[in-house]
Amino acid sequence: MSTVTVPPVLTSARDDAIQLHRAFKGFGCDTTTVVNILAHRNSAQRAMIRQEYRTMYSEDLDNRLSSELSGDVKRAVCLWMHDPAGRDATLLRKALSGDIINLRTAAEVICSRTASQIQQLKQVYHAMFGAYLEHDIEYQASGDLKKLLLAYVGILRYEGPESDRMMAENDAKALFKAGEKRLGTDENTFIRVFSERSRAHLGAVSSAYHSMYGSSLKKAVKKEMSGDFEFALLTILQCAENPGKFFAKALHKAMKGMGTDDSTLIRVIVTRAEIDMQYIKAEYRKKHGKSLNDAVHSETSGHYRAFLLALLGPN
């Protein structure tokens, strides 16, 4: 459910390329024009504009945007220029080999994606950076988090809506035995169930767990695990149950209290705008009684605000 609004009378990619080139000319950049064009073009249209720009001006549009823009609007627009798999690859490469290693961001991106999105992302990652995602995980992560992430990117999970009740109950039993029932925790059982099972099945495991043991699987994970490993398991579980709710919560947390976590704001809005932003907006309103657009409006300013609000679509 994309929230990107594409104008009813569409200009050609060539026209867009000319407009962008004009916006870059002279002293300073006409950022308003850049935002107005790019925030209202879908993935295929942006790829066409990029192609036209290179043909006409023998220059890479992404590089030009990077040199013309600055600050948060630059980070948001440059990430937006990729297709979804390219964006995920870019975020993961930075999280796993940037100046500051950020395993939590890597866990969020990996554990909130479907199996087919991960397969595509792995190919794009290798094409863009000449490195294998698995190798970078192997090199930067450790312990149970490393085991979970490697299993999660390596297994092709079923993506349909069906689940088997008996199997779900067996998994719930195995997780109870591996966690709350014993002293110490058998992390490998959690890794196996969470990395091998489909979203529909994990949802069924979660409700079986609740009806069999009177407490939630989410609480069990929180009680038994800690740190980035706990966060990764909870991301898998929450995205199996309701991805919209998971991302609405991440956005609320990014804007709560003093200051704004712009990295999270950009990452979530830019990567979900073409996927499920309508659901995230609905969940946000349901939980916080105000629209996500209003929250973003009050936390941001200038061209950066205009760009994010354009991606969020009408209130």
Side-chain angles (χ1 to χ4, degrees), residues 13 17 20 38 41-70 72 74-157 159 191 195 228-229 231-232 235-236 263-264 266-275:
L20 287 169
L38 296 177
R41 301 295 181 268
N42 65 28
S43 188
Q45 291 161 344
R46 296 193 305 276
M48 293 286 289
I49 295 168
R50 192 196 263 126
Q51 212 176 327
E52 280 291 342
Y53 194 91
R54 178 176 282 288
T55 306
M56 294 170 76
Y57 305 110
S58 308
E59 182 183 28
D60 184 78
L61 178 57
D62 294 37
N63 291 346
R64 189 66 195 256
L65 286 165
S66 186
S67 67
E68 294 286 345
L69 303 172
S70 63
D72 291 324
K74 167 180 166 171
R75 289 196 300 162
V77 171
C78 290
L79 187 61
W80 176 243
M81 286 305 290
H82 297 285
D83 63 6
R87 286 196 287 261
D88 286 350
T90 304
L91 288 166
L92 282 172
R93 182 66 172 173
K94 188 168 184 241
L96 294 169
S97 64
D99 299 333
I100 300 163
I101 300 304
N102 192 330
L103 291 172
R104 186 155 289 216
T105 296
E108 181 206 276
V109 174
I110 290 168
C111 298
S112 62
R113 302 315 190 240
T114 64
S116 50
Q117 284 169 341
I118 288 172
Q119 291 314 304
Q120 207 185 346
L121 143 69
K122 288 198 308 191
Q123 291 170 355
V124 172
Y125 193 93
H126 187 255
M128 284 173 79
F129 306 112
Y132 290 101
L133 177 58
E134 294 89 335
H135 291 179
D136 285 351
I137 292 169
E138 182 82 47
Y139 187 64
Q140 298 296 357
S142 62
D144 293 319
L145 178 68
K146 173 159 101 173
K147 282 190 217 167
L148 176 66
L149 293 181
L150 287 174
Y152 204 75
V153 301
I155 292 167
L156 261 177
R157 287 168 295 283
E159 289 182 34
I191 291 169
S195 66
D228 292 337
F229 179 54
F231 173 78
T235 301
I236 293 169
S263 293
T264 298
I266 291 168
R267 183 175 68 252
V268 176
I269 292 175
V270 172
T271 61
R272 307 313 289 185
E274 291 180 289
I275 296 170

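The first residue in the sequence is number 1, and the count goes up from there. Atom set for the values below is all heavy atoms of this structure, side chains included, hydrogens, waters and symmetry mates excluded.
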Inter-residue atom distance Phe129.CZ - Ser97.OG, 0.5 Å rounding: 7.5 Å

Where Leu145 and Ala107 come nearest, the two heavy atoms and their spacing: CD1-CB, 4.5 Å

Check: Asn102 and Leu96 side chains under 4.5 Å, non-hydrogen atoms: no

Is there a side chain to side chain contact (heavy atoms under 4.5 Å, CB included) between Glu59 and Arg54? Walk through the geometry before answering. CA-CA 5 Å; Glu59 182 183 28; Arg54 178 176 282 288; over 6 Å; no

Taking side chain as C-beta onward, heavy atoms only, is Glu138 less than 4.5 Å from Lys146? yes

Mind listing the closest non-hydrogen atom pair of Glu108 and Ser112 along with its distance? O-OG, 2.6 Å

Distance-only, no hydrogens or angles: does the Arg104 side chain make a donor-acceptor pair with backbone N or O of Phe231 under 3.5 Å? no

As an exercise, state the distance from CZ of Arg267 to NZ of Lys94, rounded to the nearest 0.5 Å. 10.0 Å

Taking the side chain as every heavy atom from C-beta outward, state whether Trp80 and Arg87 have any pair of such atoms under 4.5 Å apart. yes

Within 45° cone of Tyr152 ring axis and under 6.0 Å: Arg113 NZ or CZ: no

Supply the atom-to-atom distance Leu79 CG to Ile269 CD1, rounded to the nearest 0.5 angstrom. 11.5 Å

Less than 4.5 Å apart, any side-chain heavy atom of Thr90 and any of Arg93? no

With the side chain counted from C-beta on, respond yes when Val153 and Leu121 share a heavy-atom pair under 4.5 Å apart, and no when they do not. no

Rounded distance [0.5 Å steps], OG in Ser195 versus CD1 in Ile236: 7.0 Å

A side-chain contact here means heavy atoms from C-beta on lying under 4.5 Å apart; do Gln117 and Ile275 qualify? yes

Side chains of Leu133 and His126 in contact at under 4.5 Å (non-hydrogen atoms): no

Side chain to side chain contact (heavy atoms under 4.5 Å, CB included) between Leu38 and Leu65: does it pass, once the steps are laid out? CA-CA 11 Å; Leu38 296 177; Leu65 286 165; 3.9 Å; yes

Between Tyr53 and Tyr57, what is the ring plane arrangement, given parallel below 30°, perpendicular above 60°, and tilted in between? tilted

Which atoms form the tightest heavy-atom contact between Cys111 and Leu149, and what is the distance? SG-CD2, 3.8 Å

With a 4.0 Å cut-off on N to O distance, would you call Glu68 and Lys74 a salt bridge? no

Check against side-chain hydrogen bond (donor to acceptor under 3.5 Å, both in side chains), Asp136 and Tyr125: CA-CA 11 Å; Asp136 285 351; Tyr125 193 93; 2.5 Å; yes

Are any non-hydrogen side-chain atoms of Asp88 and Val124 less than 4.5 angstrom apart? no

Between Ile191 and Phe229, is the side chain to side chain contact (heavy atoms under 4.5 Å, CB included) condition met? List the steps. CA-CA 10 Å; Ile191 291 169; Phe229 179 54; 3.8 Å; yes

Does a donor on one side chain and an acceptor on the other come within less than 3.5 Å for Ser263 and Arg75? yes

Applying side chain to side chain contact (heavy atoms under 4.5 Å, CB included), run through Thr235 and Ile110 and close with a yes or a no. CA-CA 9 Å; Thr235 301; Ile110 290 168; over 6 Å; no

Please round to the nearest 0.5 Å and tell me the distance separating atom CD of Glu52 and atom CD of Gln45. 13.0 Å

Distance col, row Met56:CE vs Leu61:CG, nearest 0.5 angstrom, shows 12.0 Å

Worked verdict on Ser116 versus Glu159 for side-chain hydrogen bond (donor to acceptor under 3.5 Å, both in side chains): CA-CA 8 Å; Ser116 50; Glu159 289 182 34; 2.9 Å; yes

Please find the pair of heavy atoms, one from Glu274 and one from Ser43, that lie closest to each other, and give the distance. OE2-N, 2.9 Å

